Amino acid sequence: MGRVIVITSGKGGTGKTTTVAAVSSCLAALGHKTLAVDCDAGLRNLDVSLGMSEFAVTDVSDVTEGRLCVQDAAREHPQIPKLFFISAPARRSPSELDADAMAAMFGEARESFEFVIADSPAGLGVGFTRAAAGADGAVVVSLGDKASVRGAERTVETLRGMGISDSRLLINRFDRQAARRLGVTADDVIDLAGARLIGIVRENAAVAMAAVAETPLVLYARGGAARDFLDAARRLRGEDLPI
Ligand SMILES: Nc1ncnc2c1ncn2[C@@H]1O[C@H](COP(=O)(O)OP(=O)(O)OP(=O)(O)O)[C@@H](O)[C@H]1O
Ligand SMILES: [Mg+2]
């Protein structure tokens, strides 16, 4: 039985889609059959981050509306074996995806994949609740700034209210020097957000360059943020790595 993990954040633009693409690629590279699901209906872009734009021919609505089963809707990555992907519908709003059908889709996915990683839209609205439907746990992505941390805190609380208490915090785009100048430490962020840390990912130009090249970060670079995401993926599968 696999685990369904939603990647989310209160604020937009914190790096959710980047995290889904990087962590699911790493989990597959570590040997786990992994499904990345784009739940950002209408604003999808996980296909680009995964380098799978031409595979976005089927989508979540094909499953939720009963046209395809999860196995048939999922497309395998051309270069990363064991990594599968289902796109979000391009021309639907999140409210057009039925909540129960989303939960059923994740339940079905749990049967055939070890990890199911869902990309949530920004905010805590209907798209978020659809993406989190039936999740076993969450990774809340936050930047180091106050607005983002406050969004993460609200997200952790909202998830708890939905019965998802296993939330882990990922601090993204961390710039040690800037943080030192501002007097902010990773511990401050963790305390404010109220969740255990799963990783700290550094600010790294390779992330944007991989996105422009439409290549998964793990195939584009080895060190830097790619390394940080690999460590986060290893912690997600239960390894006890120091941060
Ligand atoms: N560690 C990093 N270093 C440098 N740039 C990064 C890093 N993580 C993400 N980015 C950049 O930040 C931008 C936003 O990332 P991304 O699209 O993953 O965020 P998001 O949370 O999914 O946004 P949205 O809320 O709109 O869905 C992108 O341009 C991405 O390349
Ligand atoms: Mg996104």
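Owing to the predicted nature of the structure, the values given are computational and were not obtained by experimental measurement. First listed ligand is number 1; within each ligand, the first listed atom is number 1.
Partner of Leu170 under the side-chain contact (heavy atoms from CB on, under 4.5 Å) criterion, out of Asp228, Leu236, Ile198: Ile198 alone. When each of Leu124, Val141, Leu169 is tested with Thr155 by the rule side-chain contact (heavy atoms from CB on, under 4.5 Å), just one qualifies, namely Leu124. Screening Ile164, Leu159, Val139 for a side-chain contact (heavy atoms from CB on, under 4.5 Å) involving Thr8 leaves a single residue, Leu159.
Neither the backbone nor the side chain of Thr19 comes within 4.0 Å of ligand 1, counting heavy atoms alone. Of all the heavy atoms of Asp40, the ones lying under 4.0 Å from any atom of ligand 1 belong exclusively to the side chain.
Both Phe85 and Phe115 belong to a single network of hydrophobic side chains, linked directly or stepwise wherever heavy atoms of I, L, V, M, F, W or Y lie under 4.5 Å apart.
Applying the salt bridge (Lys or Arg N to Asp or Glu O under 4.0 Å) test to residues at least two apart or on different chains, the pairs with a partner in residues 109-122 are Arg110-Asp136. Applying the salt bridge (Lys or Arg N to Asp or Glu O under 4.0 Å) definition to pairs two or more places apart or across chains, those involving residues 54-67 are Asp62-Arg67, Glu65-Arg67, Glu65-Arg92.
The pair Asp166-Arg3 meets the salt-bridge criterion, with a side-chain N (NZ, NE, NH1 or NH2) lying under 4.0 Å from an Asp/Glu carboxylate O. Note on Glu157 versus Arg154: salt bridge recorded, some NZ/NE/NH1/NH2 to OD/OE distance being below 4.0 Å.
Judged by distance alone, the side chains of Ser148 and Thr14 never bring a donor and an acceptor atom under 3.5 Å apart. Side-chain polar atoms of Arg44 and Ser87 form a donor-acceptor pair below 3.5 angstrom.
The closest non-hydrogen atom to atom 30 (C) of ligand 1, taken over Ile7, Thr18, Asp175, comes from Thr18. Across Arg173, Arg202, Met209, heavy-atom proximity to atom 12 (O) of ligand 1 is greatest for Arg173. Among Ala206, Gly12, Gly127, Gly13, the residue whose heavy atom sits closest to atom 23 (O) of ligand 1 is Gly13.
Looking from atom 19 (O) of ligand 1 to the surrounding protein, the closest heavy atom is Gly15 N, 3.1 Å. At the shortest separation from atom 17 (O) of ligand 1 among protein heavy atoms lies Thr17 CB, 4.2 Å. At the top of the distance list for atom 31 (O) of ligand 1, counting protein heavy atoms only, stands Val207 CG1, 3.7 Å. In terms of protein heavy-atom proximity, atom 20 (P) of ligand 1 is nearest to Lys16 N, 3.5 Å. Counting only heavy atoms of the protein, atom 4 (C) of ligand 1 lies nearest to Asn204 O, 3.2 Å.
By the definition of a contact as any protein heavy atom under 4.0 Å away, atom 9 (C) of ligand 1 is in contact.
In this structure the side chain of Ser120 never reaches within 4.5 angstrom of the side chain of Ile7, judged on heavy atoms.
Remark: ligand 1 atoms within the under-4.0 Å shell around heavy atoms of Asn172 are 1 (N), 2 (C), 7 (C), 8 (N), 9 (C). Of all the atoms in ligand 1, the ones that sit under 4.0 Å from a non-hydrogen atom of Val201 are 1 (N). Shown in contact with Ala122 at under 4.0 Å from a heavy atom are these atoms of ligand 1, numbered in order with element: 25 (O).
A 6.0 Å sphere centred on CZ of Arg168 holds more than 12 heavy atoms belonging to other residues, nucleotides or ligands.
At least one N or O atom of Thr14, backbone or side chain, sits closer than 3.5 Å to an N or O atom of ligand 1. At a 3.5 angstrom cut-off on N or O pairs, Asp119 does not count as close to ligand 1.
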Without placing hydrogens or testing angles, list every side-chain donor-acceptor pair under 3.5 Å for residues 208-222, not counting sequence neighbours.
residue	atom	partner	partner atom	Å
Glu214	OE1	Ser53	OG	3.1
Thr215	OG1	Ala213	O	3.0

(request) Give the intermediate values and the outcome of ring pair (Phe, Tyr, Trp, His ring centres under 6.0 Å) for residues Phe113 and Phe84. (result) CA-CA 9 Å; Phe113 295 90; Phe84 293 78; 5.5 Å; yes
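Listing protein N, O or S atoms at distances below 2.8 Å from the Mg ion (ligand 2), with waters left out, gives Thr17 OG1.
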